[in-house]
There are 2 protein chains.
Amino acid sequence: MIRRKVTLKDIARELDVSISTVSKALKNSNEIGRDTRNRIQAFARSHNYRPNNIAVSLKNKKTRNIGVIIPDIVHHFFTTVFRGIEKHANSLGYNVIVCVSDESFDKEVINTELLANGSIDGFIIGLSAETQEKRDYSHLKEVTDQGIPVVLFDRVTDEFPCDKVIIDDEVAARQAVEYLISKGKKRIALFTTAHDLGVTKNRSLGYKKALENHRIPFDKNLVLQLPFQFEEEELSRSFFKEQTFDAVLSVNEIFAVRGMRLAGEFGYRIPEDVSFIGFTDGILSKYAVPSLTSIAQHGEQMGETAARMLIDKIENEYDETDASNYRTEIIEASLIKREST
Amino acid sequence: MIRRKVTLKDIARELDVSISTVSKALKNSNEIGRDTRNRIQAFARSHNYRPNNIAVSLKNKKTRNIGVIIPDIVHHFFTTVFRGIEKHANSLGYNVIVCVSDESFDKEVINTELLANGSIDGFIIGLSAETQEKRDYSHLKEVTDQGIPVVLFDRVTDEFPCDKVIIDDEVAARQAVEYLISKGKKRIALFTTAHDLGVTKNRSLGYKKALENHRIPFDKNLVLQLPFQFEEEELSRSFFKEQTFDAVLSVNEIFAVRGMRLAGEFGYRIPEDVSFIGFTDGILSKYAVPSLTSIAQHGEQMGETAARMLIDKIENEYDETDASNYRTEIIEASLIKREST
DNA sequence: TAAAAGTACGAAAACGGTTTCGCGGCAAAA
DNA sequence: TTTTGCCGCGAAACCGTTTTCGTACTTTTA
């Protein structure tokens, strides 16, 4: 038997008062007399009254929902960020609606438009790869033009003004490479992705910067660009055959772990012959054998920061055309040292 | 400059027709004359009109949102399931609101109550560990009593009637162990969690069943119960010292990978001296060295199935008191054979 | 030519709340 | 006794839709 939810109207009818009286009584407004208030509250409690979120949202023009759009959900770093967002948002009474762009520009646009039509009070977005390639941010502009605040995280762009939270990938990469140099490594390879944009690009820059700082010539033969779903590893294998190197910086965990495996096959000892450092301190880094020294991006902190910035914008007036209202927060990365160095 | 969203009322005012006319015209109702319809549609298009989701939800008493509650988001299997849910739901025009219970009963209750008040049309839930321990499902009962359908996945219970989708952990474990036996293994250890309930329990049962089927006596010394955040690994180390075994079934990836590491330290060759099989075919299994034979739970398929079952219930009438309306779908697990066996 | 039918649109209620404002009654102040 | 003020409550507008029903006008039919 379906027991419909009890509404203000129901309570009003039962208790023979007006709807407004019920509403005020439940908000403990002292406009309503003590005993009426008590009667109403008691009734509401016993009948398990809960206000209808949708109605409240419509009236208040506030949903207390925040929309999160990420490129991928089966992804350690993004879920870590998400956890940070979720925790902080929840603690402030917000819920989170997630959409996944699947690295597709079109999906990102569809999702933002969908959510922007009243479902959410603000967005936290990590841009899709396609969006970063196209450099088309008109969908974001549309959203902010409507007064909906946007916070970008990790996958950001300089071409769109809004709050952002990032780690300084360039500095993190530089420091990692400098750490390798300090350990006496001279020929340091870079494992990176085929398309070199956004965060990956900055990591490469940091790599070069470190070499430069230490007067080590940049050798483009030491850069291995790997396609993402490349399973056969022919490319990496020939890289191991043809190049000599004593350390590797990898822009992600997977390339690093695959690299360590190959290093083993080629008879190199880790870290004596070759050291490895990977970006993203995920589960692989921790449990690999040998465990992988890695650059922790502190995703949870990043998510929390993003949520904090967003909710601040949601709850406080600001002039969205004034660029000085926008901040970019930088989360310090840190190097987690393990067996691979 | 904030450009407020244009509403039906705005269009009606501008075009000097009534709100109802606009609404109907935009729905292409032939109740409205050809040219008025065209005028209105053209105006709406040029002003980028989009109906307000919240208002539509309130009116229609349908949100086209589904609520997902999972114990943890930084978790490969759950995110895989989530991806399946999200894809299928999106393709049918639904959005997904996620809440994380953090394995806590209270959070699970709070989240269900919050979302049940109008925010969603149905739930997909993986029960928290605490809920499974307490065996208190009154919050779910409340929800279904209101006519909101619930689908449970993976972390399910027999004590609450609703649609469910699971893998048969017992059978999967049994088959894994039988595979080990077929490879000539005789002393097969089980690595499991300290609290042995829900899926873990079924996996242990399958383990025993396999031994029984092959007349191998169950030796409780070969069962290693590991607390989850046990870092020092003293327990596992002493297990390796005291016991002899030639294979391991682990209820998750992490225990298996840690086990392989220790096996290496103790000088065992994998798989010749000790074979390993782990539950959950995640990223660790794939990239571990040696790569881990594992039981794939096909989370994406599970998520898709859950979404399909839920949306079916949402969109079609059914009698929620009639248990025969509820089905439990079983997703076939499969053994992904890799180097560890 | 009068009645019936059809066309094109608008008024209004409804979804479930919040909030402003007004008003009657009663007590305190003048 | 009249005025003022306060208390306690209700009417009604409003948020942005959807949908039913009514109606004025035109066209067809008998």
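To find a chain, count down the sequence lines: A is the first, B the second, and so on, and within it residues start at 1.
Closest to the side chain of B:Tyr49, from the set D:dC15, C:dG16, D:dT17, is D:dT17. Comparing C:dG10, D:dT18, C:dT18 against the side chain of B:Glu31 picks out C:dG10 as the nearest. In this structure, the nucleotide among D:dG10, D:dG8, C:dC9 sitting nearest to the side chain of B:Thr36 is C:dC9.
When each of A:Ser20 and A:Asn30 is assigned the nucleotide of DNA chain D bearing its nearest heavy atom, the one mapping closer to the 5' terminus is A:Asn30. Each of A:Ile32 and B:Asn60 was assigned the nucleotide of DNA chain D with the nearest heavy atom; the assignment lying further toward the 5' end belongs to A:Ile32. Taking for each of B:Thr21 and B:Lys61 the nucleotide of DNA chain C with the nearest heavy atom, the 5'-most of the two is the partner of B:Thr21. Residue B:Asp35 is the one, among B:Leu58 and B:Asp35, whose nearest nucleotide of DNA chain C lies closer to the 5' end (criterion: closest heavy atom).
Per the geometry, NZ belonging to B:Lys24 stands 14 Å off P belonging to C:dA12, to the nearest Å. Rounded to whole angstrom, the span from the CG atom of B:Asn53 across to the P atom of D:dT17 amounts to 10 Å. Spacing between atom CZ of B:Arg4 and atom C1' of D:dC14 amounts to 13 Å, rounded to whole angstrom units. Across the protein-nucleic acid pair, B:Leu26 atom CG and D:dG16 atom P stand 16 Å apart, rounded to whole Å. Between the CG atom of B:Asn52 and the C1' atom of D:dT18 there is a distance of 13 Å, rounded to whole Å.
For A:Tyr94 and A:His88, the distance between ring centers is not under 6.0 angstrom.
Listed by chain and number, the residues in a side chain to side chain contact (heavy atoms under 4.5 Å, CB included) with B:Glu31 are B:Lys24, B:Ser29 (sequence neighbours excluded).
Using a 30° and 60° split on the angle between ring planes, A:His75 and A:Phe77 fall in the perpendicular class, above 60°.
Inter-axis angle, ends of the helix from C:dT1-D:dA30 to C:dA30-D:dT1, five pairs per end, rounded to 10 degrees: 70°.
Of the inter-residue distances, the one linking B:Lys164 atom NZ with B:Asp158 atom CG reads 5.5 Å to the nearest 0.5 angstrom.
Near-neighbour residues of DNA chain D inside residues 10-18 of chain A, defined by a heavy atom below 4.0 Å, number-ordered: A:Val17, A:Ser18.
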